[in-house]
Amino acid sequence: MFAWTLRMAWRDSRHSRRRLFLYLSSIIMGVAALVSVRSFGNSLLEAVDEQAKVLLGADLSIRSRTPFDDDDESLLLEIGGNQSRQTSFSSMAYFPDQNGTRLVQVRALEGGFPYYGNLETVPPEAARSFREGPFALVDNTLMLQFQAQVGDPVKLGSYTFRIAGRLSRIPGESVAFSEFAPRIYIPFSFLDETGLIQVGSRVRYTAFIQFEPGYDTENLVEEIEPRLKELELSSDTVQERREGFQRELSNLNNFLSLVGFVALILGGIGVASSIHLYVRQRVETIAILRCIGASPLQSLGIYLVQASIMGLTGSLAGTALGLLVQRLIPAVLAGLIPLEVENSISWDAVAEGLLVGLGAALLFAAIPLLPVRRISPLLALRREYESTGKRSWDYLVLAAYMALGAALLVFSLLHAPTWMVGIGFFGALLLVFGSLFAVAKLAMTLIRRHFPSSWRYEWRQGLANLYRPHNQTIVLMLAVGLGTFFIVTLYLTQQSLLREVELVGSEGRPNLVFFDVQTDQRQGIVDLLQAKGLPIIQDVPIVTMRIKSIGGRAVEELKEDPEYGGARWALSREYRCTYRGQLDATETVIAGNFEGSFVEGSVPVSVEEGIAERLNLAIGDQLEFDVQGVPVEALVGSIRTVAWRSFQPNFFIVFPTGILEEAPQFAVLVTRTDSASDSAMIQRDVITGYPNVSAIDLSMVVQTVESILDRLTFVIRFMALFSIVTGLVVLTGAIVSGRYQRMKESVLLRTLGASRTQIRRIFFIEYFFLGALAASTGILLSLVGSWALTRFVFESQFVLEPIVTLGVLLGVVALTIGIGFANSRGILDQPPLAVLRAEE
Amino acid sequence: MILHTEQLGKTFSSGDRELSVLSAISFDVKQGSSVSIVGPSGSGKTTLLGLCAGLDRPTQGRIVLNGQDLGTLSEEGLARLRNQHVGFVFQSFQLIPTLTAIENVMVPGELHGATDIGTRAADFLQKVGLGDRFDHYPTQLSGGEQQRVALARAFINRPLILFADEPTGNLDAETSEKVEELLFDLNRENGTTLVLVTHNLDLAAKTERIISLKAGRIVADSPTHSVLGSPA
Ligand SMILES: Nc1ncnc2c1ncn2[C@@H]1O[C@H](COP(=O)(O)OP(=O)(O)OP(=O)(O)O)[C@@H](O)[C@H]1O
Ligand SMILES: [Mg+2]
C-alpha cells in the first residue's frame, strides 16, 4: 500500500514541481549554513589534533615572571631534552627610516624554537638566519603600517637591528590579534644591548623543551607539578594547548551554528506556510480520494511523502551548497584562526545537516499537514459548509508544535556554550518570531476594525488584501521582518561599540600615554612635553608590590589553606598601585570611606570591588604589603568600582598620599596631541631620550579595535547573510504561492472593468503596506535588541543611527515591492480563459 | 438487503442554532434494485446520500450497508468499505485534477490492491467511449467526457452499490441522455444496486422506486409505475 502512496505523491506533484522546488529551497540556505560551519569546524578540530605540537612549538613550555634563578635552572636541567629560551616584554620600536614608533612585543629567542612547525617569514630562510646576527623579524602588520622593507633598520631600546624578514604567521597565534601587540623577534644574544630589561619591567621568561618522540610529557608534568608550584613556574603541554584550542574553537563553531540555525528556522516557517497554502488547494482532491476509499492515513501519507522528498532534496542541495561555502570560510575567518586548515568534507557534518534539514522540514510541514487527516469526504459532495462550526482541538497538531519547540530548544542547548546561553538564545528566538507574529496579527485586526472606508478604491483594496482569506501577511512579516532585524541589529551594535572607542580620541580627551617612566626620567619628560606646549593631563605614580599577609596570616599559609575563600593567583601576583588624595571620575566608592592622606597607624587603602572579592576582603581587613623589601601595614578603608573601559591608568589598589612617596616607583604621563604627526614627533623625541619608556597612541588603539571589530562583524554578517537570503526565498515563495489567487482576482476585476493601472496600483499598495509594516517592526525590534546587547552584554552606550536606519527601512520597502512586482509579472497579461482552465 | 436505514436523523449546529435537516428516515434497498431520491432543493437529499455512503455520521439512527453497521466502523473501516463495495458519481464529476483520465479510473483499484488494474481501467474507458483519451487531464476533457471517466471510475471495483448525486445536473440534455444510458447499462451489466439523487423526474422514472423527501422527511416511497401512474 505504501507503493500506492508513493505513486500518488508523485502523480499529485506533477503540476506543482516548480512551486515545490521553490518551497524546498527555503531550507537550502539554513542547511548550507549549518553544514559549512560544522564541516569546517570539524576540519579545524582535526587540524588542531594533527598540529597540536605546532600550536605550542615544543613538547613542554615553562614560564616564569622572574628570571630563572638557580633553583629554576636546576629543575630545567633535570627535565632535560632540547631546550630553548625566550624572554619577552613590551617596548617601543623605532623605525628610523620611516621615523615611526609603536609599542611592540619583543621576543628575544635562543635555541632551536619552534621545534614543531615554523615561523613563517618572507624570505623563508629569515626564520632561522635572524638568530645569527643583529637581525630582527618584524610582524607583517607593523611592516605594513610603516611601509618598512626587509633590510631596513629598527631600533629597540638603545640598539639598532636590521630587519631580516617579515613575520607572516607564528604557529599557535592568530594574526588578527597581532594588531594589538605586533611582535618582533630578536636573537637572545643581543637582548642586553638594548638595555631594555630593567627593574620593574614586566618581563616573561619561557623555556621551550623538546623531548624524544614517544616521551611521556604528561607524566613528567604530573611528577614535577609540586616543584613548579613551589618555584612559581607555570607549564603548558601540547595536550593542554590542544584542549584549550578545541574548547575555544568549538565555542566559535557553535556560536556560528546558532546564527546559521536562524536561517533554518525561517526557512522552516516558509515551508510551513507554503505547504499550508498548497494543502488548501488540495482539499477537494483529498476529499475525493477519501470518498473512493482512501483512508485518512493514506491521504495524509501522500503529502507527508511529498514533504519528506522536498525536505530531503532541500537538505541534499543545502548540504552540497554548504560544502562549497565551506571553502569560503577560511577567508571569512582570515586572521582569526591560529593555524592552517586543510578543508575536508566532514561526513558527520553532512549527516547532521541532512538530519536537521529533513527534521526541520518535516516538523514544520507536519503542522499544516496533520489536518489533512481530518478532511471529510463529504467535501466532495458539497464544500461550502466545511468552515462553519467549531472543530475540536487537534491534539496531534498540538503535539507537533510541542515537538518543534522541543527540537529547537534541544538544538539551542546543544550548540550553546552554557545552558543559560542556550535558553537565552531560545528565548530570544521566541521573542523575535513571536513579536513579528503578534504585530502581524494585531495589524490585521486593527486594519479590519478601523478600516478607512473613505479612502480611494485602490487603497482600500490593497489594504484589505492584507487580511483577506488566503493572505500571507504573517509569513511575509516574518521573512521581511527578520531580515531587517538582523541587518539593523548588527549594524547598530557595531556602531555603538565603535562610537565608544572613537569618543576616546575626540576633542580635548587625552590621547597619548607614556608609561614605565622611571623616577629620574620623569622631570625630563615633563619638560620635554611642556617645551612642545603639550599639557600634562595626568601624572600618575606607580609602585609595584606584593601582598605579604592578610589578617595576620601569611600568603604562603593562605595558599595552602583549603578553607581560604579567595583565588590563589590573586595572592601571588604583583600589584601595581598608585597613591593620590582623591578619587578619579571613573571611580565610585561602594563601601567604607576613601581617605586621601595617611597620618599614622595602618594605611587605609581603597580596593577595587572585583579584586576585593577575589582576595576575599572586607572593610577593615588587615593587609600587609611587601613594597620591594619594605613591609607596609595597611587596612581596607574603602571598596570602589572602576569603569575599566575608560582608556586611562586604572588600579586595583589605591594608597593615600603620605606613605609611598619615597618608595621606588615609576610614572605614567598622559597628554594630548592635536595631530598624528605631533604625536609621532613627541613619541620619537621621548623614545630617543628614554628608550625604556613606552608610549601608547590611543588613536592607534582605536584603529586596531575598529579593525578587529570589523573582522568579527564580517563573520557574523556572513552567517546572517544566510538568513537574509532565506528571507528573500521565503518572500518569493509566498508571493508565488499567492499568484494563482491574484490571477483569478485580477481577471475578475478586469472583467468588472478595472484598468491594468488600477490593478497594478492595488498590488503596489499591498506590497508597500506589507514591506513598511514588516520593516518597521523589524527595526523596532532591532532597536530594542541592539540597545539590550550594547547595554547589558557589552556594557556600553547605545547609539542610534537615524539616517542609516531610515535608509534600511526605505530599502526593504522598495525590495518588497520589487520582488512582489517581479513575481506578479505576467499576471496582468493572462487571458481570462487561461486562468479559468489553469491547474494551480 | 444491501442498505438498511432506521430512524435516521441529522442535526447541524451552527453557532448556537440547531438545524434539523433529516428526521425519522427509514427505508431498505434490495440488492440489485434501483432507487431515486427526489425532493425540492434543501430537502436533505445530499445529506441523506452522504450518510448512507458513510461519508458522515447521523445524529440519530442506524445504517447497515452490506450487513455492516456503519456506526461500528472506524474512519479506516468506512474507507475500506467504500473502496470495496461503494461507487460514487457526482454532479460536478470530481475527477482528481492532477491525474490523467486513466489514472483517475485506476485509483480505486490501486487502493484495493488489485493487480491487472491498468488493463481493466483501459477496458472501462473503452466501454465509456474514451479509448483515445487515456492520457488527457480533466481540464482537457469536456463535462460529458469527464462524467464518463467518473462512471468508469465508479464501476472499476465492481461495487455492490452506486451512489449518484445529480449525475446529469451539470450537463446539457443531449449529453445527459448519453451519460444516463451508460449509467444504466453499466449498472445492469454489473448487477449493481443504484441509489440516485435527482431533480429530474424523467431520470427518476428510469429507476424502479422513488423516495420523495420534503423538509427532511420521507413524504412518499413507492414503486415508479405507481408514482407515474398518478396524475401529477
Ligand atoms: N454542514 C452543514 N451545516 C449547516 N447546514 C447544513 C450543512 N449541510 C447541509 N446543511 C443544510 O441542510 C439542508 C439540506 O441540504 P442538502 O444539501 O442535503 O439539500 P439537497 O436536498 O441536496 O438540496 P439540493 O437539491 O439543492 O442539492 C440545507 O438547508 C442546508 O443548508
Ligand atoms: Mg444536493
Side-chain angles (χ1 to χ4, degrees), chain A residues 1-17 20 278 281-303 306 373-391 833-840, chain B residues 12-15 17 19 21 45-47 49-51 53-57 74-88 90-100 103-113 117 137-140 150 153-154 156-157 159 163 165-166 197:
Chain A
M1 205 70 292
F2 186 61
W4 178 80
T5 309
L6 280 180
R7 200 175 325 141
M8 271 309 289
W10 175 250
R11 288 171 179 163
D12 182 78
S13 71
R14 208 143 42 191
H15 293 284
S16 327
R17 301 236 167 93
L20 287 173
Y278 182 72
Q281 291 164 5
R282 291 288 193 270
V283 167
E284 207 156 48
T285 297
I286 296 165
I288 299 168
L289 281 172
R290 297 275 289 108
C291 248
I292 58 183
S295 71
L297 280 182
Q298 279 172 333
S299 44
L300 173 61
I302 295 169
Y303 296 94
Q306 286 185 2
R373 285 164 22 256
R374 311 219 295 181
I375 290 177
S376 157
L378 208 54
L379 290 180
L381 282 182
R382 168 182 52 208
R383 76 182 311 180
E384 57 267 37
Y385 291 110
E386 180 53 21
S387 50
T388 60
K390 261 185 248 121
R391 310 198 76 189
L833 198 66
V835 175
L836 294 180
R837 280 207 168 242
E839 272 316 321
E840 13 179 13
Chain B
F12 291 109
S13 49
S14 58
R17 280 230 321 264
L19 178 69
V21 175
K45 306 181 295 290
T46 300
T47 309
L49 194 76
L51 290 179
L55 301 181
D56 198 5
R57 298 192 188 262
S74 66
E75 278 299 317
E76 250 64 23
L78 286 174
R80 209 172 313 119
L81 180 77
R82 280 200 298 273
N83 181 241
Q84 291 174 6
H85 303 306
V86 180
F88 279 100
F90 306 93
Q91 176 172 2
S92 50
F93 326 133
Q94 300 291 38
L95 296 182
I96 294 172
T98 50
L99 303 189
T100 59
E103 285 168 349
N104 261 292
V105 178
M106 281 159 64
V107 169
E110 289 175 338
L111 271 169
H112 191 49
I117 195 63
Y137 287 100
T139 44
Q140 298 166 323
R153 180 178 70 185
I156 185 129
N157 274 354
F163 291 101
D165 190 359
E166 306 271 17
V197 164

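Residue numbers start from 1 in every chain, and the chains themselves are labelled A, B, ... in the order their sequence lines are given, proteins ahead of strands.
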| message | Once side-chain contact (heavy atoms from CB on, under 4.5 Å) is applied, do any residues pair with Gln91(B), and if so which ones, sequence neighbours excluded? | response | Glu166(B), Asn170(B)

| Greater than 12 external heavy atoms within 6.0 Å of Arg17(A)'s CZ | yes

| message | Once rounded to the nearest 0.5 Å, what's the spacing between atom OG1 of Thr285(A) and atom CG of Leu99(B)? | response | 7.5 Å

| task | Walk me through it: do Leu55(B) and Cys291(A) pass the test side chain to side chain contact (heavy atoms under 4.5 Å, CB included)? | result | CA-CA 7 Å; Leu55(B) 301 181; Cys291(A) 248; 3.7 Å; yes

| Interface moiety of Ile292(A) toward chain B, non-hydrogen atoms closer than 4.5 Å | both

| message | Rounded to the nearest 0.5 Å, what separates atom OG1 in Thr47(B) from atom CG in Leu378(A)? | response | 7.5 Å

| remark: Heavy atoms of Ala79(B) and Ala294(A) approach each other most closely as CB-O, 3.6 Å

| remark: By salt bridge (charged side-chain N to carboxylate O under 4.0 Å, His left out), Arg290(A) pairs with (sequence neighbours left out) Glu75(B)

| field | Heavy-atom closest contact (Pro377(A) atom, Arg82(B) atom, distance) | value | CG-NH2, 3.9 Å

| Which heavy atom of Ile288(A) sits nearest a heavy atom of Gln94(B), and at what distance? | CD1-O, 3.2 Å

| said: Taking side chain as everything from C-beta outward and backbone as N, CA, C, O, which of these in Val86(B) sits under 4.5 Å from a heavy atom of chain A? Side chain, backbone, both or neither. | reply: neither

| In Å and rounded to the nearest 0.5 Å, what is the CZ to OG1 distance from Arg14(A) to Thr100(B)? | 6.0 Å

